[in-house]
Amino acid sequence: MNYKFEFRPYQRKFKRPLQTSHGTWEIREGIILRLTADNGKIGLGEIAPIGWFGSETFLEALDYCRNLPDVISDRTIFSIPPNLPACQFGLESAWESATLKTQFKSAFSEDKTPASKSNYSGLLPGGEGALLGRQILWMQGYRTFKWKIGVLPFQREVRILQELVLALQEATGDQSVFLRLDANGGLSLTEAEEWLQICDQLGGIIEYLEQPLSVTELEAMMELGTRFSTAIALDESVATLPQMQSVYRQGWRGIYVIKPCIAGSPSELRQFCNLNKIDAVFSSVFETEIGRKSVLKLAATIQNYCPRAIGFGVDHLLEAEKDLELLW
Ligand SMILES: O=C(O)CCC(=O)C1=CC=C[C@@H](O)[C@@H]1C(=O)O
Ligand SMILES: [Mg+2]
């Protein structure tokens with residue numbers, strides 16, 4: 001089958017530059033795709049790369065799209081090179097929505113009601129902003145929160161964490177509340193041990209410590225996992241499907257924070273998760289609702305994907321989305 005191929009680059013500003021231990025991120029650049037099948041059916045998809053996180057760069061993705069012909073075949077879509085995982089995800093997702101009839105009932109509803117937010121994890125502002133940010137997200141219905149650490153000096157962050165946990169414990173009635181800490185690979189082994197020691201003393205409210213060490217320290221993170229009760233989750237170490245497969249082969253059976261939009265082929269990702277019963281938490285890359293819809297569709301087909309909140313509580317950090325229909 002052949003498809004008319006159209007694409008439109010977009011930009012979306014963060015309200016405040018996103019601080020991580022990789023640096024600051026001010027503008028999310030991506031590409032919206034439209035495939036029109038011979039029978040007139042249309043499929044939308046999104047390419048939302050994060051070069052510094054492990055996928056191709058935005059410019060590499062744009063260059064790839066510019067070199068595609070106006071009409072592309074199934075063969076082209078399923079032979080995108082593995083060094084372009086965000087392109088693989090975007091094009092295959094658009095193909096799925098232009099060809100597959102399956103509707104899906106996602107466990108993660110898209111409506112903005114507080115109840116639906118309980119299945120989502122809300123990303124808190126870095127540093128002291130987390131305290132006010134938590135109150136705002138709490139009122140919106142979130143009960144799982146993520147906070148980036150390794151941004152301020154250790155002692156200051158520990159003090160903020162203690163205030164955050166106290167506020168959460170006071171606010172919590174009978175509902176379970178979780179806090180995720182994300183170090184973006186920026187801690188030393190000693191700092192990671194100190195953080196895990198503190199987490200273990202907080203009585204289970206810390207769901208996991210995400211990517212405490214750099215991607216080259218898998219063995220050290222596996223060893224940490226045997227010494228502390230707080231779970232460790234890999235993120236940068238499993239940014240793409242080849243990395244997930246390599247880490248699984250090396251014996252990682254802990255949590256995989258999966259960013260489907262930059263991981264690669266959705267069908268191969270589905271197979272990897274279902275075959276290996278991966279303890280997965282799907283995570284946003286600050287894509288638009290087109291990319292998010294593709295991810296929710298994928299999450300609905302991952303058998304044991306449900307118990308953990310999905311890391312898509314990020315919209316509040318970005319400027320309002322432009323109406324993507326106006327791109328055409
Ligand atoms: O995973 C989430 O809950 C939200 C998304 C998120 O935290 C991230 C998205 C993209 C890059 C990073 O800044 C960050 C992460 O490291 O997980
Ligand atoms: Mg992370």
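Side chains included, hydrogens not; waters and symmetry mates left out as well; all remaining heavy atoms used. Ligands are counted one by one from 1 in listed order, and the atoms in each one are counted from 1 as well. All of these numbers come straight from a predicted model, not from anything done at the bench.
Close approach of ligand 1 to Ile50 is summarised as follows: ligand atoms under 4.0 Å from at least one heavy atom of the residue are 10 (C). Of all the atoms in ligand 1, the ones that sit under 4.0 Å from a non-hydrogen atom of Asn184 are 15 (C), 16 (O). Of all atoms in ligand 1, listed by their number and element, those nearer than 4.0 Å to a heavy atom of Ser283 are 1 (O), 2 (C), 5 (C). Of all atoms in ligand 1, numbered sequentially from 1 with element shown, those under 4.0 Å from a heavy atom of Ser284 are 5 (C), 9 (C), 10 (C). With ligand atoms numbered from 1 in the order given, ligand 1 contributes 4 (C) to contacts under 4.0 Å with heavy atoms of Val314. Set against the non-hydrogen atoms of Asp235, the atoms of ligand 1 under 4.0 Å away are 15 (C), 16 (O), 17 (O). With ligand atoms numbered from 1 in the order given, ligand 1 contributes 13 (O) to contacts under 4.0 Å with heavy atoms of Leu18.
The side-chain tip of Arg253 points at the ring of Tyr248 from less than 6.0 angstrom away and within 45° of straight on.
Here the side chain of Glu56 pairs no donor or acceptor atom with the backbone of Pro49 at under 3.5 angstrom. Here the side chain of Ser55 pairs a donor or acceptor atom with the backbone of Ile50 at under 3.5 angstrom. Put simply, the side chain of Asn274 gets close to the backbone of Thr301: a donor and an acceptor are under 3.5 Å apart. Judged by distance alone, with hydrogens and angles left aside, the side-chain atoms of Asn39 form a donor-acceptor pair with the main-chain N or O of Lys41 at under 3.5 Å.
Classified by interplanar angle (parallel below 30°, tilted 30° to 60°, perpendicular above 60°), the ring pair Phe272/Tyr256 is perpendicular. Ring pair Phe5/Phe7 is parallel by interplanar angle, where below 30° counts as parallel and above 60° as perpendicular. Relative ring orientation between Phe286 and Trp25 is described as perpendicular, the plane-to-plane angle rising above 60° on a 0-90° scale split at 30° and 60°.
The CG atom of Leu91 lies 4.0 Å from the CD1 atom of Ile80; values are rounded to the nearest 0.5 Å.
Seen from the Mg ion (ligand 2), atom OD2 of Asp182 and atom OD2 of Asp235 lie 170° apart in angle, a value rounded to 10°.
Contacts of Arg180 with ligand 1, taken as heavy-atom pairs under 4.0 Å, are absent altogether. By the criterion of a heavy-atom distance under 4.0 Å, the side chain of Glu210, and not its backbone, is placed next to ligand 1. Proximity of Phe53 to ligand 1, defined as any heavy-atom pair under 4.0 Å, is confined to the side chain (atoms from C-beta onward).
The distance criterion of under 3.5 Å between nitrogen or oxygen atoms is met by Asp182 with respect to ligand 1.
Residue Glu236: no N/O/S atom is found under 2.8 Å from the Mg ion (ligand 2).
Distances from atom 10 (C) of ligand 1 to the heavy atoms of Glu287, Lys148, Lys259, Lys146 show the closest one on Lys259. Of the candidates Gly311, Cys261, Ala233, Gly185, Gly311 brings a heavy atom nearest to atom 2 (C) of ligand 1.
Annotation: side chain of Phe154 is not in contact with side chain of Ile149 (no heavy-atom distance under 4.5 Å).
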